[in-house]
Amino acid sequence: MKILGCFKVVPDLDLIVEEDWNIENHLHIDTGYAKLIWNCFDEGALEMMLRLSDLSEGLNVVYKLSALTIGRQKTENFLKTLYALGFSEGARICVEAEDEILFSPEMISEGIANYVKKIEGQDVILTGIQSSDGNNKMTPYLLAEKLGWPCITQVIGLEPIDEEHLKVTSQVSGGCIVRKVKTPCVFAIGNAPCSYLRIPTLKAKMKLGKRPVTRLVPEDMGMSETAENVRVTALNPIDKKRNTVVIEADSPQEKARCLYEKYLKERLSEL
Amino acid sequence: MRYHFVVNGYADDVLRQMEEQMGFAQKYLNGMEQGEAIIYCRSVEDVQRLERHHSKEAVLISAREYAPEAVLHGLCDRIADGGLYIFGNDDAGTELSVRMAARLSGSSVTEAENLWLSEESAGDSELINKIHVMKMVYANHMEAAFVMEREPYCISLARGASSQELRVGSFVIKEEISCENMAEHIVSQEFYPEALTGGLDKAKVILAAGRGVKNKENMAVIDKAARGLKAEVAVSRPAAMNAWKPMNRLIGVSGAMVGPEVCITAGVSGAAAFYAGIEKSKFIVAINTDEKAPIMKMADVAIVDDFLPIMEELNNICK
């Protein structure tokens, strides 16, 4: 079974200095200086693929794991980590300007769909449910529509069954649903319980992590002619500050007592 | 232009979702004509049992089990013209709004906070209405305005929107479209109710732990203090990803959105995506060793110190 994990590498938004959020009349924020990290839902998706592969040992199912990202050259280090973890194919659709893909889920899903149609056919595609910067929450659904595949959302677990089926756990209101699903299918990965990606060994990095990444151009993936149906027109900063009182005292115990006596006791007694 | 509510009749919280749809319409859709609601549900009986409504008439799309492919089939068959379609704020609403717009060559925005109309010239002195929507982006650090280019306009609502009381009485059901057996990719399925979470959404006091708690052993100290304070324990995303608590204790844009009387955060940096989950709290306390952590400016009271002795002392006091 061929499984594609689509991931986005995003800036660590916690590292953006406050002044940069307060810029007006711009349609994107300069996050170029921030450390790059896996988008958390995509990271969960990639780890889920590796776990699925682990679980298939002893079963008569072979999973071929591939990964695709759309972004800058810097993201290739992330693909090389995936090679070291056992992914057999890594591809990047080369887009150097982050603002071109930030609010462009139509273009992103078109690129992924064309990769699957033209470059490497797949049985299953995993993507995180949303990215932390664009927050579009649309890519897996648009991708399913472009491929004419079904989609299952808020997936939190995958287990092997056979070459054409997977056991899929997804979160729904009031609980979770476990389904036997026939491929092909798109899975939108939600709050998976173990979502940190494992770390490859140095030996694996040396042996597997140096393989070249397949580079693709957006024009060949039909991304240039894709028009967005929704256009961003303004970005506004949000002021969340409260008038904070800082409790000062000589010891943490005194601070705790002050917190309780002055601010909590009455509030808690009223509940 | 008409607007229509699209309602998830399968959801346990269907009435709350309808209240939020109604609140949104009252705030932002004044003067716009309301059309029939579209309700996807198990059966007519489920809808009649609601005994509340926010539209006079409704069209039902029914199937015993919820499958987005089945609902989309019914939705896209039924919708002949443009207009604005307002979906609820759950995952089903988000998915269906995006996929319906894609199938009907319309446009969609998820988690909409706000909406307004503008008039733009379409040539020959003709004026056309444009729909603009505001939503949070950059993990809730910024809000962005979008203009929607094509009808039908499909939006799903952001969570935590203001709500409006529903009208007493039932929908007049105009039509029922049955969509059984349309999810051929599902071979079998079983529902497992979740173990009780203590209901973060209803908690009066919440003690939220973040990355600064450092390990699972320290979470035991948080648990103990929470028992003393009669608080529910919640966690930020880094703590949940480390499995210090199950994912159903996650607070933030992708977890629970809470509004307790008191929310105490320990070792939480205050990432915007987390803060969005607690910003409706009446009173916020932040405990962090880093006085420059963002949470320290977003709390009502802050303590710059290690959370461990503070928690232990709070527990002693509550004894």
Side-chain angles (χ1 to χ4, degrees), chain A residues 13-14 16 21 29 40 103 132-138 141-142 144-145 150-151 153-154 156 165 173-182 185 190-191 193-196 229-238 240-242 244-247 252-253 255-257 259-260 263-264 267-268 271, chain B residues 11-12 69 90-91 94-95 98-99 102-103 107 109-111 136-139 141-150 185-194 204 237 241 243 247 250 254 261-262 269 271 275 279 283 285 296-306 309-310 313-314 317:
Chain A
L13 298 178
D14 290 349
I16 303 300
W21 294 123
I29 301 297
C40 64
F103 301 118
S132 58
D133 47 2
N135 294 126
N136 298 300
K137 225 174 185 179
M138 292 169 80
Y141 312 130
L142 291 174
E145 289 301 313
C151 176
T153 192
Q154 284 291 0
I156 55 167
H165 299 89
S173 164
C176 60
I177 293 184
V178 180
R179 298 179 172 106
K180 182 179 179 180
V181 176
K182 189 176 186 318
C185 194
N191 289 322
C194 296
S195 43
Y196 278 130
N229 297 319
V230 166
R231 193 166 36 85
V232 65
T233 54
L235 274 182
N236 303 322
I238 305 164
K240 304 181 203 101
K241 287 193 190 89
R242 298 191 182 202
T244 312
V245 175
V246 179
I247 296 178
Q253 288 77 12
K255 290 175 188 173
R257 282 193 290 275
L259 169 67
Y260 185 80
Y263 299 102
L264 294 182
R267 286 186 169 85
L268 296 177
L271 299 177
Chain B
D12 296 338
E69 284 71 23
D90 59 353
D91 292 312
T94 301
E95 176 175 5
V98 175
R99 296 180 70 181
R103 285 189 188 190
S107 38
V109 172
T110 63
E111 299 180 333
M136 296 295 177
V137 296
Y138 283 108
H141 282 282
M142 309 280 290
E143 59 179 8
F146 293 91
V147 59
M148 303 180 78
E149 303 281 11
R150 277 188 277 276
H185 60 295
I186 309 285
V187 180
S188 60
Q189 66 176 30
E190 199 156 347
F191 174 73
Y192 294 90
E194 206 162 42
K204 301 270 188 214
R237 177 160 282 281
M241 283 176 80
M247 276 288 179
L250 175 67
S254 55
E261 295 294 319
V262 178
S269 68
Y275 187 75
E279 71 182 330
F283 189 75
V285 179
M296 303 306 249
K297 285 183 185 160
M298 301 188 289
D300 297 287
V301 169
I303 295 180
V304 185
D305 218 316
D306 182 12
I310 307 272
E313 187 61 21
L314 281 178
I317 297 166

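Order of the sequence lines sets the chain letters (A, B, ...), proteins ahead of strands, with each chain counted from 1.
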Interface residue of largest heavy-atom contact number with chain B, from [options], under 4.5 Å:
{"options": "Ile247(A), Leu259(A), Asn236(A), Ile177(A)", "result": "Asn236(A)"}
{"options": "Asp14(A), Leu142(A), Ile156(A), Leu13(A)", "result": "Leu13(A)"}
{"options": "Cys176(A), Ser173(A), Ala256(A)", "result": "Cys176(A)"}
{"options": "Arg257(A), Lys182(A), Lys241(A), Arg231(A)", "result": "Arg231(A)"}
{"options": "Thr153(A), Asn136(A), Ile16(A)", "result": "Asn136(A)"}

Pick from [options] with the largest number of heavy-atom pairs that fall under 4.5 Å of chain A:
{"options": "Glu313(B), Glu149(B), Met142(B), Gln189(B)", "answer": "Met142(B)"}
{"options": "Phe146(B), Tyr138(B), Tyr192(B)", "answer": "Tyr138(B)"}
{"options": "Met298(B), Arg237(B), Arg99(B)", "answer": "Arg99(B)"}
{"options": "Ala144(B), Ser188(B), Ala102(B)", "answer": "Ser188(B)"}
{"options": "His185(B), Met136(B), Met148(B)", "answer": "His185(B)"}

Mind checking the [atom1]-[atom2] spacing from [X] to [Y]? Nearest 0.5 Å is all I need.
{"X": "Leu235(A)", "Y": "His141(B)", "atom1": "CG", "atom2": "NE2", "result": "13.0 Å"}
{"X": "Trp21(A)", "Y": "Ile29(A)", "atom1": "CH2", "atom2": "CD1", "result": "6.0 Å"}
{"X": "Glu95(B)", "Y": "Gln154(A)", "atom1": "CD", "atom2": "CD", "result": "10.0 Å"}

For [X], is it the side chain, the backbone, both or neither that has a heavy atom under 4.5 Å from a heavy atom of chain A?
{"X": "Met247(B)", "answer": "side chain"}
{"X": "Glu69(B)", "answer": "side chain"}
{"X": "Met296(B)", "answer": "backbone"}
{"X": "Asp12(B)", "answer": "both"}
{"X": "Ile310(B)", "answer": "both"}
{"X": "Val301(B)", "answer": "both"}
{"X": "Leu250(B)", "answer": "side chain"}

Is it the backbone or the side chain of [X] that comes under 4.5 Å from a heavy atom of chain B, or both, or neither?
{"X": "Leu271(A)", "value": "side chain"}
{"X": "Gln253(A)", "value": "both"}
{"X": "Leu264(A)", "value": "side chain"}
{"X": "Leu268(A)", "value": "side chain"}

Q. Would you find a donor on one side and an acceptor on the other, under 3.5 Å apart, between the side chain of Ser132(A) and the backbone of Ala139(B)?
A. no
Q: Report yes or no: does Ser107(B) contribute a side-chain atom to a donor-acceptor pair with the main-chain N or O of Val230(A) at less than 3.5 Å?
A: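 Pair absent, no side-chain N/O of Ser107(B) close to backbone of Val230(A).
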On a heavy-atom basis, which atom in [X] and which in [Y] lie closest, and how many Å separate them?
{"X": "Cys151(A)", "Y": "Tyr141(A)", "answer": "SG-CD2, 3.9 Å"}
{"X": "Asn191(A)", "Y": "Ser254(B)", "answer": "ND2-O, 2.7 Å"}
{"X": "Pro150(A)", "Y": "Ala144(A)", "answer": "O-CB, 4.2 Å"}

Q: Check whether any side-chain heavy atom of Asp300(B) lies under 4.5 Å from a side-chain heavy atom of Tyr263(A), and answer yes or no.
A: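 No - every pair of side-chain heavy atoms lies 4.5 Å or more apart.
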Q.
Within the 4.5 Å heavy-atom criterion, are Asp306(B) and Pro252(A) side-chain neighbours or not?
A. no
Q. Of all residues at least two apart in sequence or in a different chain, which pass the ring pair (Phe, Tyr, Trp, His ring centres under 6.0 Å) check with Tyr275(B)?
A.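 Partners of Tyr275(B) by the ring pair (Phe, Tyr, Trp, His ring centres under 6.0 Å) criterion come out as none, since no residue qualifies.
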(Q) Less than 4.0 angstrom from a charged side-chain N to a carboxylate O is my criterion; do Glu261(B) and Lys204(B) meet it? (A)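 No salt bridge links Glu261(B) with Lys204(B).
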Q.
Regarding Glu111(B) and Lys137(A), does a basic nitrogen lie under 4.0 Å from an acidic carboxylate oxygen?
A. yes
